[in-house]
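In what follows, every chain begins at residue 1, and chains take the letters A, B, ... in the order their sequences are listed. What you are looking at is a predicted structure, and each value in this text was computed from that prediction instead of being measured.
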Number of protein chains: 2
Amino acid sequence: MNTEASSPSATRPNLAAVAALAGVSASTASLAFSGAGPVSETTRAKVLAAAKSLNYAGPDPRAQSLRRGRSGIIGVVIEDRLRDAFRDPINIAMLDGIADELGTAGLALLLLTETGEAGADISLAPMDAVILVGCSTQLDRSVTVFRQRGIPVVAIEAERMPDVFPIDLDNRDASARGARHLSSLGHTNVAIVSLPLEESHARGPITREREAASSSYTATQRSLGVRDVFPAARGVVSAGSFIEEGLIAGRALLERGDKPTAIIAQSDLLAVGVIRAAEELGIGVPAQLSVLGFDGVHVEGLAPYELTTLVQPAVEKGSAAGRAVIELLEGGHPEPVAFESELRVGNTTGPAS
Amino acid sequence: MNTEASSPSATRPNLAAVAALAGVSASTASLAFSGAGPVSETTRAKVLAAAKSLNYAGPDPRAQSLRRGRSGIIGVVIEDRLRDAFRDPINIAMLDGIADELGTAGLALLLLTETGEAGADISLAPMDAVILVGCSTQLDRSVTVFRQRGIPVVAIEAERMPDVFPIDLDNRDASARGARHLSSLGHTNVAIVSLPLEESHARGPITREREAASSSYTATQRSLGVRDVFPAARGVVSAGSFIEEGLIAGRALLERGDKPTAIIAQSDLLAVGVIRAAEELGIGVPAQLSVLGFDGVHVEGLAPYELTTLVQPAVEKGSAAGRAVIELLEGGHPEPVAFESELRVGNTTGPAS
DNA sequence: GGCTGGAATCGAATCGATTCGATCGATTCG
DNA sequence: CGAATCGATCGAATCGATTCGATTCCAGCC
């Protein structure tokens, strides 16, 4: 590794050096590179030749971003560790929507995770705007900093906060719709498998206290939707949106005496895990147990089951966030967006036994 | 959205304004924030109070990165679209390794994709260093720019390039080891399911021409390793590392007359797809067909199979890249790293029929 | 009392480019 | 032929902070 250039000058060339060699002023050289002004063809050629001879790679992005007040970087804050967040395809789909939109607009995507300690760090990078995905309200402090800096903030599925542009999903209504589907099939003893409620990702039963203190808006809204139909629905909290966690939660619910006839999982991966638990215990799906998911992602190896689930437009959610960021950066005032999920009935729900 | 602050001054406060209000010089105010120099407690308090009263969020990262020559941002360039790259857990594991190291060092991760057109864009962001993962040599131009800028470049599983720090995997040797395993079981008619060879992700047979023109070092190395043992091994190219693609490739290989007795897939997902294809066609695994994978990732729903595969240390690969970047940034000269994969024998390979 | 040393603070240069207004020629039009 | 116009180029201010060397001030010491 010979990181140092072979040129004798220890210092890297800058625009001024290029301009000097080309025999023009720095301002002209700048125009030659950016193309944002009238420059004669011969002058541009001279500047480019000088740049090449000096091994100059073009204007320094750092200086550009200071002067222009824009860095072209959009922060995307994910709540979990990457490892966890990317295990659920729903998050990848959303990120893909964001990346598409930003990439088209020539913006880069800075991936940040919501680590409690580095909260100060989050606001340290030169970002033009921020997208929070499924983030807790613990980010209050960071949001304050963003506001002070005049950085637009877009939040996907988050509790309302002042000066934060919302991209919403009908978590509560959709969950209620799913619950009514089960209700219409005659189910009354329904249990919930919840997404993690705290940052600690602790398992255990759903309690009012935990929900009240929860940092996950999505999880609590989905539970509320279920209770709009089944006020007494109980449930357990998983440690993450993984099949393995659904399995654990499913066992916890199905090994006990008072077995539910239907389980509403807050993600498809959790639902698949629940089905696995039922298989393990010799409980037929949907004959003895109905299982409902959420997200509408494709899960490998689920055949012959076709999961009944609430399909959400994940990619669109991401691209809507991307578009909102772009419009906010351009000084526009986009309309808040709210997406709706659709109940897709498969063969994992059936009449109550 | 009220992006504009409510303060009457249209302009955002800067360090100078804070310093003026606190009755100190800008240099002292800077020290008060950075803590990089002796500042009396009372002065620091005054500065902080002034900052609060002006709604000042701290030094502007843009200006800091210009002055310091560091932005704290590391670019990570992924070859595929995110959607595709993140469908294979192996990539996520690696990214997680990278993110861990960088996060610990207080560096942020800029996610970039290797889109042909935006090649210019890639070098436009204010990055301190770059990690290329499984990238093609098409990035030559970008690498040139990075070198001119003095930005260290680390490449994971890439062809050797000057001034690029390599993180290697024994793709060829490991594949040869896997092939010998099959050879020792008596197999002679072996076929390969290759990772995509071109950016176009075109399917079709493996040919010398395609391999010669290939942009995927990993794919060609793995094929070479197989041919070290089975010089005449033929094969097909998949359109991506997905189960579905393995299924397509498996059908293509198994529906023909001259069926192989063993298939070497270049990823575990592809291998799973091949197994599905065999099931579909009523071909027993491993009785009639042995299947070998690569990566050693956990695939849901594969039971009762336990894939024979080459286990690579994916997370370690990522963290090694992260550490290398950090050391290079500190001016160190780290040793190149080469990882080895280990053959893990499951129940998908057996004696040739 | 004069001298030394160290802590606290300040001034000014610097990082590298962008951009606005001014200037200078050359062309065109009346 | 003079004036208006337009294109090309340049000077200088600016973006917002960091940092080095210089200065000030006070305590401690012989």
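- The nearest whole Å value for the distance from the CZ atom in B/R68 to the C1' atom in C/dC15 is 13 Å.
- Residues from residues 30-54 of chain A placing a heavy atom under 4.0 Å of any atom in DNA chain C, listed by number, are A/S30.
- Between A/Q64 and C/dG16 there is no side-chain polar atom (N or O) within less than 4.0 angstrom of OP1 or OP2.
- The nucleotide whose nearest atom lies closest to any side-chain atom of B/L66 is, among D/dG11, D/dA17, C/dC15, C/dC15.
- Look at B/R160 and B/D168 and you find a salt bridge, because one of the NZ, NE, NH1 or NH2 atoms lies within 4.0 Å of a carboxylate O, short of that distance.
- B/S319 and B/E101 share no side-chain donor-acceptor pair at under 3.5 Å.
- Atom CG in A/D60 sits about 10 Å away from atom P in C/dT18, given to the nearest Å.
- Considering every non-hydrogen atom in both A/K317 and A/M94, the closest pair reads CE-SD, 3.6 Å.
- Axis deviation across the helix from C/dG1-D/dC30 to C/dG30-D/dC1 amounts to 50°, comparing end segments of five pairs, rounded to 10 degrees.
- Side-chain contact between A/S30 and A/L15: present, with at least one pair of heavy atoms (C-beta onward) separated by less than 4.5 Å.
- Salt bridge A/R81/B/D100: present, at least one basic N to carboxylate O contact under 4.0 Å.
- At a cut-off of 3.5 angstrom, the base of D/dG11 holds at least one donor-acceptor pair with the side chain of A/S27.
- Shortest non-hydrogen contact noted between B/S216 and B/S214 is N-OG, 2.9 Å.
- Between the side chains of A/S40 and A/T42, at least one donor N or O lies within less than 3.5 Å of an accepting N or O.
- Going from atom CZ of A/R62 over to atom P of D/dC15 covers 21 Å, rounded to whole Å.
- With no hydrogens or angles considered, a side-chain donor-acceptor pair links B/S25 and B/T28 at under 3.5 Å.
- Between the CZ atom of B/R67 and the C1' atom of D/dT18 there is a distance of 5 Å, given to the nearest Å.
- In this model, the phosphate group of D/dT9 is not approached by any side-chain N or O of A/S25 to a distance below 4.0 Å at OP1 or OP2.
- Straight-line distance from the CG atom of A/N14 to the C1' atom of C/dT14: 11 Å, rounded to whole Å.
- Atoms CG (B/L15) and C1' (D/dT19) sit 13 Å apart, rounded to a whole Å.
- The shortest side-chain heavy-atom distance between B/F165 and B/P152 does not fall under the 4.5 Å cut-off.
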